[in-house]
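In this chain, residues are counted from 1 in sequence order.
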Amino acid sequence: MSFILNDETHPHHNFCQYANVDYKSLQHHPLPPTADHYIKHMLFHAQNGTLAEIYSALLPCPWTYYEIALNLIEHFNINEEHPFYEWISFYDRDDLKDLILNLRKTLRLISITSK
């Protein structure tokens, strides 16, 4: 929870800076349909789902961004001059990797024990 509430919004400021858009001004615009549906999916399972469903709904976002960052680093010359260095380096962190592995292990355990 701390990751989502305190950390994850910061790298998105990187995109806004690059596009010359104020991050706070975007908060009052409707979300694109895919983002809106994903948020509703997470909220639905947070309110009505089992623990396994909650983990399953939350895990894809940080895990996907982590995998994207790894792929970009592997295939491109990512350094501090890259316009999205802040975003990429945020998701290429050992503590985030540990968080994702922890979430995956917990989900696996929850799934096994709930059968």
Side-chain angles (χ1 to χ4, degrees):
M1 265 322 189
S2 176
F3 168 75
I4 293 168
L5 295 175
N6 301 318
D7 293 333
E8 195 179 23
T9 60
H10 300 297
H12 298 294
H13 289 267
N14 182 208
F15 288 122
C16 291
Q17 288 171 332
Y18 186 77
N20 201 24
V21 174
D22 179 51
Y23 180 81
K24 287 185 181 185
S25 71
L26 291 177
Q27 304 312 302
H28 303 290
H29 290 276
L31 291 170
T34 52
D36 182 58
H37 292 284
Y38 182 57
I39 288 171
K40 287 177 180 168
H41 169 74
M42 288 188 292
L43 289 172
F44 174 82
H45 289 292
Q47 294 173 356
N48 304 304
T50 64
L51 191 55
E53 290 169 332
I54 294 168
Y55 270 78
S56 297
L58 294 175
L59 181 58
C61 191
W63 188 3
T64 301
Y65 286 164
Y66 172 74
E67 293 291 337
I68 290 169
L70 289 182
N71 188 284
L72 290 170
I73 289 167
E74 182 180 330
H75 292 97
F76 299 97
N77 181 24
I78 305 298
N79 58 41
E80 291 184 22
E81 303 301 316
H82 191 280
F84 301 115
Y85 175 79
E86 185 181 332
W87 187 93
I88 294 165
S89 61
F90 175 84
Y91 285 103
D92 178 40
R93 299 183 348 220
D94 287 338
D95 63 327
L96 182 58
K97 178 183 178 182
D98 293 343
L99 171 70
I100 293 166
L101 290 174
N102 235 347
L103 289 170
R104 289 170 48 191
K105 286 178 190 174
T106 304
L107 177 58
R108 200 173 305 119
L109 285 172
I110 295 168
S111 298
I112 291 169
T113 59
S114 65
K115 288 183 180 180

With rounding to the nearest 0.5 angstrom, report the [atom1] to [atom2] distance, [X] to [Y].
X: Leu72; Y: Asn77; atom1: CG; atom2: CG; value: 12.0 Å
X: Met42; Y: Ile54; atom1: CE; atom2: CD1; value: 12.5 Å
X: Leu96; Y: Leu101; atom1: CG; atom2: CG; value: 9.5 Å
X: Leu103; Y: Asp98; atom1: CG; atom2: CG; value: 11.0 Å

Where [X] and [Y] come nearest, the two heavy atoms and their spacing:
X: Asp92; Y: Ala69; value: N-CB, 4.1 Å
X: Glu86; Y: Ser89; value: O-OG, 3.3 Å
X: Tyr23; Y: His12; value: CE1-CB, 4.0 Å

**Study point:** is_close_aromatic(His41, His37), centroid dist under 6.0 Å
**Key:** no
Review point. Heavy atoms, side chains only, cut-off 4.5 Å: are Leu107 and Arg104 in contact?
Key: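 No, their side chains stay 4.5 Å or more apart.
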Review point. Mind checking whether Tyr65 and Pro11 have side chains closer than 4.5 Å, heavy atoms only?
Key: no
Exercise for review: Using the salt bridge (charged side-chain N to carboxylate O under 4.0 Å, His left out) rule, collect all pairs that involve residues 57-83, keeping only residues at least two apart or in two chains.
Suggested key: none
Check your understanding: For residues 15-43, which residue pairs qualify under salt bridge (charged side-chain N to carboxylate O under 4.0 Å, His left out), counting only residues two or more places apart or in two chains?
Key -> Asp36-Lys40
Is there a path of hydrophobic side-chain contacts, each under 4.5 Å between heavy atoms, that joins [X] and [Y]?
X: Leu109; Y: Leu58; result: no
X: Ile100; Y: Leu51; result: yes
X: Ile73; Y: Ile68; result: yes

Exercise for review: Taking side-chain hydrogen bond (donor to acceptor under 3.5 Å, both in side chains) as the test, write out the residues that go with Asp94, two or more places apart.
Suggested key: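 With sequence neighbours excluded, Asp94 shows a side-chain hydrogen bond (donor to acceptor under 3.5 Å, both in side chains) to no residue whatsoever.
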Review point. Considering residues at least two apart in sequence or located in another chain, which fulfil the side-chain hydrogen bond (donor to acceptor under 3.5 Å, both in side chains) criterion with His75?
Key: Asn71
Determine yes or no for a side-chain-to-main-chain donor-acceptor pair under 3.5 angstrom, with [X] supplying the side chain and [Y] the backbone.
X: Tyr91; Y: Leu70; value: no
X: Asn48; Y: Leu43; value: no
X: Thr113; Y: Ile110; value: yes

Review point. Just wondering, more than 12 heavy atoms not from Tyr18 lying within 6.0 Å of its OH?
Key: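 No, because the 6.0 Å sphere around OH of Tyr18 holds 12 heavy atoms or fewer from other groups.
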Point to revise | Residues in ring-ring contact (aromatic ring centres under 6.0 Å, His included) contact with Phe15, at least two apart in sequence or another chain | key: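 ring-ring contact (aromatic ring centres under 6.0 Å, His included) check on Phe15 returns Phe84, Trp87.
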Check your understanding: With sequence neighbours left out, what residues match His82 under ring-ring contact (aromatic ring centres under 6.0 Å, His included)?
Key -> none
